[in-house]
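Structure, as structure tokens:
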Protein chains: 2
Amino acid sequence: MRIGQLAQLVGVETQTIRFYEQQGLLPPPDRQDNGYRVYTEKHGEGLAFIRRCRILGLSLAEIHELQSYQDDPHQPCTAVNALLDDHISHVRSQITALQALEKQLVSLRASCNDDREVEACGVLAGISEGNMHQ
Amino acid sequence: MRIGQLAQLVGVETQTIRFYEQQGLLPPPDRQDNGYRVYTEKHGEGLAFIRRCRILGLSLAEIHELQSYQDDPHQPCTAVNALLDDHISHVRSQITALQALEKQLVSLRASCNDDREVEACGVLAGISEGNMHQ
DNA sequence: ATTGACCTTATAGTAGCTTTATAGTTTAAA
DNA sequence: TTTAAACTATAAAGCTACTATAAGGTCAAT
Ligand SMILES: [Zn+2]
Ligand SMILES: [Zn+2]
Ligand SMILES: [Zn+2]
Ligand SMILES: [Zn+2]
């Protein structure tokens with residue numbers, strides 16, 4: 001299977017596959033005589049794994065870490081679970097931060113109606129005056 | 001006032017100030033004979049404005065846009081308010097996406113306790129099998 | 001023989017800085 | 001007075017996870 005077919009199968013762009021190979025996330029495939037990459041089913045599974053991790057918001061470094069655990073399957077899986085726990089708490093703190101931000105933005109927006117000049121805009125004034133409780 | 005003092009005053013790094021100048025967000029200050037930048041209070045206010053916008057999650061492009069409105073203070077402020085509305089809805093959709101992600105991650109995590117080998121880890125199995133309702 | 005679809009590598013761009021490298025200037029201590 | 005610390009300058013690279021572009025080689029069909 002060549003790179004285009006693999007790309008279509010998994011739903012990524014060919015450049016992305018080459019990028020993952022370059023980053024050490026996907027093992028370098030064999031080459032045809034003309035230099036074309038030839039992929040196996042295993043590559044397909046590996047690529048799908050990477051993509052599902054990305055959908056879960058894992059960084060390439062975290063994926064790399066998971067792969068290193070997969071390479072040593074008789075270790076206890078505490079490290080895997082811990083990685084996910086860390087990721088969950090990271091996501092949660094992002095949510096918390098964004099919710100606080102939303103509150104701030106909404107209150108800022110409430111300080112202006114649409115019938116003013118820029119000079120008197122409550123939004124700009126609110127930012128400029130810096131009444132921001134961090 | 002030199003760049004280091006301004007940086008300390010506003011709480012940014014000197015490189016960040018030079019970066020904003022280069023990006024056209026901060027007007028180029030006068031220079032001493034030795035080439036050192038000399039800042040005024042206006043620069044301090046401008047920099048503080050940028051920083052508060054950044055804290056509100058606005059992009060440099062959005063800040064640039066706000067600055068262009070400030071330069072024309074007798075326009076109606078509808079564009080300012082619209083910019084903020086857009087930003088708020090952007091933040092809200094981020095929150096929604098992250099909340100869905102958190103749910104997915106938590107359910108994935110629940111599929112493993114800590115007493116397994118990597119081979120049998122519920123988390124890794126969950127990712128590999130791809131039972132992900134997008 | 002030439003078109004078109006596919007493949008190759010290398011390089012640059014995205015956002016918002018941060019880091020590094022290299023060098024010149026000012027200020028204070030020894 | 002010398003010298004070292006602290007400050008300034010520019011330019012360029014690094015960060016993340018790709019995406020896009022350029023310039024070219026390969027292959028099947030027309
Ligand atoms: Zn993470
Ligand atoms: Zn307004
Ligand atoms: Zn925005
Ligand atoms: Zn586990």
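All chains are named by letter (A, B, ...) in the order of the sequence lines, taking the proteins before the strands, and each is independently numbered beginning at 1. These values consider heavy atoms only, across backbone and side chains, with no hydrogens, waters or symmetry-generated copies. Since we're looking at a predicted model, the values are computed, not measured.
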Nearest-0.5 Å distance, CD of residue Gln32(B) to CZ of residue Arg2(B):
6.5 Å

Residue pair Gln15(A)/Leu58(B) against DNA chain C: nearer the 5' end by closest nucleotide is Gln15(A)

For the helix from dA1(C)-dT30(D) to dA30(C)-dT1(D), figure out the bend between the end axes, five pairs an end, and round to 10 degrees.
40°

Applying side-chain hydrogen bond (donor to acceptor under 3.5 Å, both in side chains), can you list everything that pairs with Ser89(A), at least two apart in sequence or on another chain?
none

Inter- and intrachain pairs under salt bridge (charged side-chain N to carboxylate O under 4.0 Å, His left out), touching residues 94-108 of chain B, at least two apart
Arg92(A)-Glu102(B)

Just jot down the side-chain hydrogen bond (donor to acceptor under 3.5 Å, both in side chains) partners of Arg54(B), sequence neighbours excluded, or say none.
none

CD/Gln8(B): more than 12 non-hydrogen atoms of other groups inside 6.0 Å
no

Residues two or more places apart in sequence or in another chain: which of them pass salt bridge (charged side-chain N to carboxylate O under 4.0 Å, His left out) with Glu62(A)?
none

Does anyone know the first and last nucleotide of DNA chain D in reach of chain B, 5' to 3', at under 4.0 angstrom to a heavy atom?
dC7(D) to dT10(D)

What integer distance in Å separates Ile50(B):CD1 from dG16(C):C1'?
13 Å

Tell me, please, which residues at least two apart from Asp114(A) pass side-chain hydrogen bond (donor to acceptor under 3.5 Å, both in side chains).
Arg109(A), Asn81(B)

Give every pair of a protein N or O atom and an N or O atom of nucleotides 3-7 of chain C that lie under 3.5 Å apart, one pair per line with the distance.
unit_1: dC7(C); atom_1: OP1; unit_2: Gly4(A); atom_2: N; d: 2.8

Indicate every side-chain donor-acceptor pair of residues 63-70 of chain B with a distance under 3.5 Å to a residue at least two apart or in another chain.
unit_1: Glu65(B); atom_1: OE2; unit_2: Tyr69(B); atom_2: OH; d: 2.7
unit_1: Gln67(B); atom_1: NE2; unit_2: Leu25(B); atom_2: O; d: 2.9
unit_1: Ser68(B); atom_1: OG; unit_2: Glu65(B); atom_2: O; d: 2.7

Contact list for DNA chain C against residues 82-99 of chain A - heavy-atom distance below 4.0 Å:
none

Sorted by chain and residue number, the side-chain hydrogen bond (donor to acceptor under 3.5 Å, both in side chains) partners of Asp33(A) (sequence neighbours excluded) come out as none

Under 3.5 Å donor-acceptor pairs involving side-chain atoms of residues 35-46 of chain A, not counting sequence neighbours:
unit_1: Arg37(A); atom_1: NE; unit_2: Glu21(A); atom_2: OE1; d: 2.8
unit_1: Thr40(A); atom_1: OG1; unit_2: Lys42(A); atom_2: N; d: 3.3
unit_1: Thr40(A); atom_1: OG1; unit_2: His43(A); atom_2: ND1; d: 3.1
unit_1: His43(A); atom_1: ND1; unit_2: Thr40(A); atom_2: N; d: 3.2
unit_1: His43(A); atom_1: NE2; unit_2: Pro27(A); atom_2: O; d: 3.3

